[in-house]
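Only one structure is covered here, and it is reproduced in the block below.
Each ligand, and each atom within it, is numbered from 1 in the order the structure gives. All residue numbers refer to positions in the sequence shown, counting from 1. The shown structure was predicted, so the numbers you read here are calculated from the model rather than taken from an experiment.
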Amino acid sequence: MIASLDPAPASFVPVLEKTPLEHYVAPLKPSLIGLSRAELAAALAGMCVPSSQQRMRAQQLWHWLYVRGAQDFGAMTSVSKELRAELDRHFTLARPEVAVEQVSSDGTRKWLLRLPGETSGRPHEVECVYIPETDRGTLCVSSQVGCTLNCSFSHTGTQRLVRNLTAGEIVGQVMVARDRLGDWPGQAGPTAGAVVPTESSRLVSNIVVMGMGEPLYNFEPVRDALLIVADNEGLALSKRRITLSTSGVVPLIPRVGAEIGCMLAVSLHAVTDAIRDELVPLNRKYPIAELMQACRTYPGLTNAKRITFEYVMLKGVNDSLADAKALIKLIKGIPAKINLIPFNPWPGTRYECSDWDQIERFSEYIFKAGYSSPVRTPRGRDILAACGQLKSASEKLSARERLALRAMAMTE
Ligand code: SAH
């Protein structure tokens, strides 16, 4: 069903925000991945673990799950055999199932993950992408199957199927990446010749929530998942290395700072409401001025903790130097970085990517205005960030797609 969110003025195309169609149906034997410590303790209570031991046992499990990456209960040698058997009767350690894996020659890995549930015979699937660079390994995770927002340049926006991921399915994407990279203690590591970061002790050092979906329309599970990912006694990723990208769900932006404390990226893409209304229809609900105000007051914003503004370069739509000038004016006073994303075309799209020299001119203007402008880095491949168009087809990554993905490795 397509539902219009707001009564749109007659002159407008309706907002066409889709409503989530599907709900998660938990398997009979759920996975422990993604449960909070309190939920783990409650699960143990249900297994007759005495209350005096529940916290300690939950802590043990946490360690096996997130430090050791245990894939079966048998590996949990510090847990009694009886409790392991009992856990095994009620729970699994399952991660999302890898339906397709692609490894590109530059090391980019893309996983199509199959999740429980299907609609009209179509399985619920999301994508997750790993981008290795010398000094970091960035994982781009999805927050929803599909997306409700209908951004006109986004391939995901054309897909109808939508359901929210659970916290476990979001954390599960990190687990899958580390499983496939052989990146748990005691594992052999990536296969010989694999391209992985050489100057980072961690293969997955950064997370960007920039895959399919609008994370702020699935706030609690995304928050809970990111807090697990950042937990010091588990996966222990610094919050400075976790970036959540939103199309601009203004009322929830302060909660990202207050309740998650990660880095924020905002998909701006246009400097006037008229153009942004077309590109990101959510703008009709939360126009640019309100979005900018939410950015200005984002909790924890400093020069060391800047907001990233994402800006997809669309030929003749938003890529003039006047746009660049207006962009600088718009973000004045906000500690910011700008990520220019070359548009990645998909079949049937009405947009084209800006010409390369126009992207460079645009980037240079921004750089001269004093903003970090990744397109100018010597390698020229750190340019951009984007992944809304991650496809489910198991075809090879295009050069443009690789370029766009590179940029997601953007956090400092
Ligand atoms: N809903 C969130 C996160 C998903 S989109 C958001 O809007 O930020 C992640 C990024 O990829 C966004 O900046 C999005 O605008 C960009 N993107 C989507 N489709 C794209 C395409 N075809 N080419 C380039 N970037 C795209």
Contact (N/O only, under 3.5 Å) between Met210 and ligand 1:
no
Any donor-acceptor pair under 3.5 Å linking the side chain of Arg37 with the backbone of Ala58?
no
Can you list the atoms of ligand 1 that are under 4.0 Å from a heavy atom of Phe343?
21 (C), 22 (N), 23 (N), 24 (C)
Do Ser247 and Glu214 have side-chain N/O donor and acceptor atoms under 3.5 Å apart?
yes
Thr156 and ligand 1 - part of the residue with a heavy-atom distance under 4.0 Å
neither
Just checking Tyr311 against Phe362, ring centres under 6.0 Å apart?
yes
Answer yes or no for Trp346: is there a heavy-atom contact with ligand 1 below 4.0 Å?
yes
Which of the numbered atoms in ligand 1 are below 4.0 angstrom from a heavy atom of Val312?
24 (C), 25 (N)
Proximity of Asn344 to ligand 1 by residue part, where a heavy atom lies under 4.0 Å
both
Quick one: which ligand 1 atoms are inside 4.0 Å of a heavy atom on Ile341?
13 (O), 24 (C), 25 (N)
Can you sort out which atoms of ligand 1 are near Ser267, meaning under 4.0 Å from one of its heavy atoms?
6 (C), 7 (O), 8 (O), 12 (C), 13 (O), 15 (O)
May I ask whether Gly157 places a heavy atom under 4.0 Å from ligand 1?
no
Report, in ascending order of atom number, the atoms of ligand 1 lying under 4.0 Å from any heavy atom of Ser154.
19 (N)
Measure Glu310 to ligand 1 on non-hydrogen atoms and call it side chain, backbone, both or neither using the 4.0 Å cut-off.
side chain
Carefully, step by step, assess Gln54 and Arg57 under the rule side chain to side chain donor-acceptor pair (under 3.5 Å).
CA-CA 5 Å; Gln54 282 162 17; Arg57 294 280 173 219; over 6 Å; no
For Gly213, the ligand 1 atoms with a heavy-atom partner under 4.0 Å come out as 1 (N), 2 (C), 3 (C), 4 (C)
Proximal ligand 1 atoms for Ser247, defined as those under 4.0 Å from one of its heavy atoms
6 (C), 7 (O), 8 (O)
Inspect the contact between Glu220 and Arg255 and indicate whether a charged nitrogen and a carboxylate oxygen are less than 4.0 angstrom apart.
yes
Parallel, tilted or perpendicular for Phe153 and His269, by the 30°/60° rule?
perpendicular
I'd like to know if the side chain of Glu278 reaches the main chain of Ala274, judged simply by a donor and an acceptor atom lying under 3.5 Å from each other, with no hydrogens or angles considered.
no
Side chain, backbone, both or neither: which part of His269 comes within less than 4.0 Å of ligand 1 when only heavy atoms are counted?
side chain
Can you tell me how the ring of Tyr351 sits relative to the ring of Phe343, calling it parallel under 30°, perpendicular over 60° and tilted otherwise?
perpendicular
